[in-house]
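Report on one structure; see the data block that follows.
Values reported hereafter were calculated over all heavy atoms of this structure, with side chains retained and with hydrogens, waters and symmetry mates removed.
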Amino acid sequence: MRAVVCTRYGPPEVLQLKEMPKPIPRTNEVCIKIFATAVTASDCIVRAFIVPLRLKPLMGAVLGFTKPRNPILGLVLAGEVESVGRDVTQFEPGSQVYAFTAFRFGAYAEYECLPEKAIVAVKPSNITYEEAAAVPYGGLLALYFLNKANIRSRRRVLVYGASGAIGTSAVQLAKHFGAEVTGVCSTANLELVKSIGADAVIDYTKEDFTRNGARYDLIFNAVGKRKARLQAQGSLTPEGRHITVDDSTPRLRKDDLVFLTGLVEAGRLIPVIDRRYPLEQIVDAHRYVDEGHKKGNVVMAVAT
Ligand SMILES: NC(=O)c1ccc[n+]([C@@H]2O[C@H](COP(=O)([O-])OP(=O)(O)OC[C@H]3O[C@@H](n4cnc5c(N)ncnc54)[C@H](OP(=O)(O)O)[C@@H]3O)[C@@H](O)[C@H]2O)c1
């Protein structure tokens, strides 16, 4: 099968399209023919091994010290189940699915095998494979952090970085849970953030939200501390919380992906796609995502 292989940690050019053996499902696994994947901010972090010095030994042990242990990166996929192991009961050949592969990676390829208990679910029926590949990463991460902050009890919510993969999901999920949402982004993304339901938008290039006197029950920094260290304590209501996307290691769940399927089918969560690349242009896709300013998601067509 064709797959993108990460030959060592480094710049986008370390990624190469190669022929790799097609995986064979174990008894509890499904083998998925992948039609689309996405290039996420996390893929770029893993490819370049951008890890704080103190975490390098731990992350090296988990991922591999000089190159990723699984040379095929890729965290999200959408495709069709081609075959199943004999113990699989939830899926059958022909099932249209999407998935988050987590530390298994492997989505930059024509086939991937996943245990049926992994974060794999039936794909929303109303969207394409490419659109489906744009849902799990931002959707699951935003849902995890919003739930952690008890989103159902938060009325006024500010999403900082509202135009990224996690931000565009966070805006829509917070709206779904009944919040009044303010999205913060740069000038070019104001219309996009309004279009996905934000009640108000703030252009961070023109206005510092921490100085405008407004108070929020939840401030979600979806950009992360590497690029945006917010001093937002003064913008919180007395019971308000400020959380950042890299505050903790998220625990993503299969049930949450099933929940997202329902939201997408109900039209409550619309995947935002910025650019589409074929697998052959993986280096260009990584260069673009490395810039840190994509609008929603970058997806890759794998097979037709
Ligand atoms: N805890 C974890 O395990 C975990 C897991 C996954 C991701 N993350 C973190 O989550 C972050 C966001 O992921 P993503 O996929 O949503 O990224 P993304 O799609 O690349 O979006 C990044 C967002 O940041 C905004 N931005 C970039 N530089 C900024 C700046 N200096 N000030 C304000 N906004 C800025 C961009 O908006 P503009 O273009 O409008 O500037 C864009 O909306 C990643 O950096 C990653 O480190 C953490």
Side-chain angles (χ1 to χ4, degrees), residues 1-6 15 17-18 20-26 28-44 46-47 68 70-85 88 90-125 127-141 165-166 169 252-254 256-258 260-261 264 269 271-273 275-282 285-286 289 296-304:
M1 68 171 183
R2 290 184 322 143
V4 170
V5 172
C6 182
L15 300 170
L17 191 57
K18 287 192 172 173
M20 294 292 280
K22 183 179 167 185
I24 299 163
R26 294 167 201 245
N28 64 335
E29 288 184 339
V30 294
C31 181
I32 301 164
K33 182 174 169 60
I34 299 174
F35 292 130
T37 179
V39 178
T40 69
S42 296
D43 296 356
C44 294
V46 173
R47 185 214 71 229
N70 180 356
I72 305 174
L73 300 183
L75 288 167
V76 286
L77 62 85
E80 188 178 298
V81 173
E82 190 203 53
S83 60
V84 298
V88 170
Q90 293 170 16
F91 303 101
E92 55 192 31
S95 300
Q96 298 188 350
V97 295
Y98 67 155
F100 184 86
T101 64
F103 282 121
R104 285 184 193 87
F105 301 103
Y108 289 179
E110 287 179 317
Y111 294 91
E112 166 75 318
C113 291
L114 292 173
E116 69 169 333
K117 289 193 172 150
I119 306 171
V120 50
V122 172
K123 157 184 126 23
S125 56
I127 58 173
T128 64
Y129 286 109
E130 287 184 13
E131 288 166 337
V135 174
Y137 177 84
L140 289 170
L141 285 158
I166 299 169
S169 298
L252 306 182
R253 298 177 336 131
K254 185 186 186 78
D256 285 341
L257 189 58
V258 174
L260 293 178
T261 303
V264 173
L269 178 63
V272 175
I273 296 180
R275 293 189 181 180
R276 294 171 161 84
Y277 291 88
L279 207 54
E280 291 76 11
Q281 288 176 20
I282 184 72
H286 266 249
V289 177
N297 300 272
V298 164
V299 296
M300 279 201 304
V302 178
T304 47

Practice task
Tell me, with the steps shown, if Val264 and Val135 meet side chain to side chain contact (heavy atoms under 4.5 Å, CB included).
Solution key: CA-CA 9 Å; Val264 173; Val135 174; 4.2 Å; yes

Distance, nearest 0.5 Å, that separates [atom1] of [X] from [atom2] of [Y]:
| X | Y | atom1 | atom2 | answer |
| --- | --- | --- | --- | --- |
| Leu141 | Ile166 | CG | CD1 | 4.5 Å |
| Leu73 | Ser42 | CG | OG | 11.0 Å |
| Ile24 | Arg26 | CD1 | CZ | 10.5 Å |
| Ser83 | Glu29 | OG | CD | 10.0 Å |
| Leu114 | Phe100 | CG | CZ | 11.5 Å |
| Ile119 | Leu140 | CD1 | CG | 6.0 Å |

What is the minimum heavy-atom distance between [X] and [Y], and which atoms define it?
| X | Y | result |
| --- | --- | --- |
| Ala99 | Pro136 | O-CG, 4.0 Å |
| Val84 | Glu92 | CG1-CA, 4.1 Å |
| Ile72 | Ala109 | CG2-CB, 4.0 Å |
| Gly106 | Ile34 | O-CD1, 4.2 Å |
| Val76 | Ala38 | CG2-CB, 3.3 Å |
| Leu75 | Ala102 | CD2-O, 3.2 Å |

Heavy atoms, side chains only, cut-off 4.5 Å: are [X] and [Y] in contact?
| X | Y | result |
| --- | --- | --- |
| Gln96 | Tyr129 | yes |
| Lys254 | Val120 | yes |
| Phe105 | Val46 | yes |

All side chain to side chain donor-acceptor pair (under 3.5 Å) counterparts of [X], not counting sequence neighbours:
| X | value |
| --- | --- |
| Glu116 | none |
| Asp256 | Arg253 |
| Asp43 | Thr40, Tyr108 |

Handout entry: salt bridge (Lys or Arg N to Asp or Glu O under 4.0 Å) partners for Lys18, two or more places apart
Key =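 For Lys18, no residue satisfies salt bridge (Lys or Arg N to Asp or Glu O under 4.0 Å) once neighbours in sequence are set aside.
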
Completion exercise
Residue pairs meeting salt bridge (charged side-chain N to carboxylate O under 4.0 Å, His left out), one or both in residues 127-140, sequence neighbours left out, come to Glu130-Arg276

Report the residues that fulfil side chain to side chain contact (heavy atoms under 4.5 Å, CB included) with [X], sequence neighbours left out, ordered by chain and then residue number.
| X | value |
| --- | --- |
| Ala134 | Pro271, Ile273, Asn297, Val299 |
| Pro278 | Glu280, Gln281 |
| Lys117 | none |
| Pro23 | Met1, Tyr111, Cys113 |

Exercise for the section: Determine yes or no for a side-chain-to-main-chain donor-acceptor pair under 3.5 angstrom, with Glu110 supplying the side chain and Arg2 the backbone. Expected result: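 Yes, Glu110 side chain to Arg2 backbone: donor-acceptor pair under 3.5 Å.
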
Exercise for the section: Could you name each residue pair satisfying side-chain hydrogen bond (donor to acceptor under 3.5 Å, both in side chains) that touches residues 97-107, not counting sequence neighbours? Expected result: Tyr98-Thr261

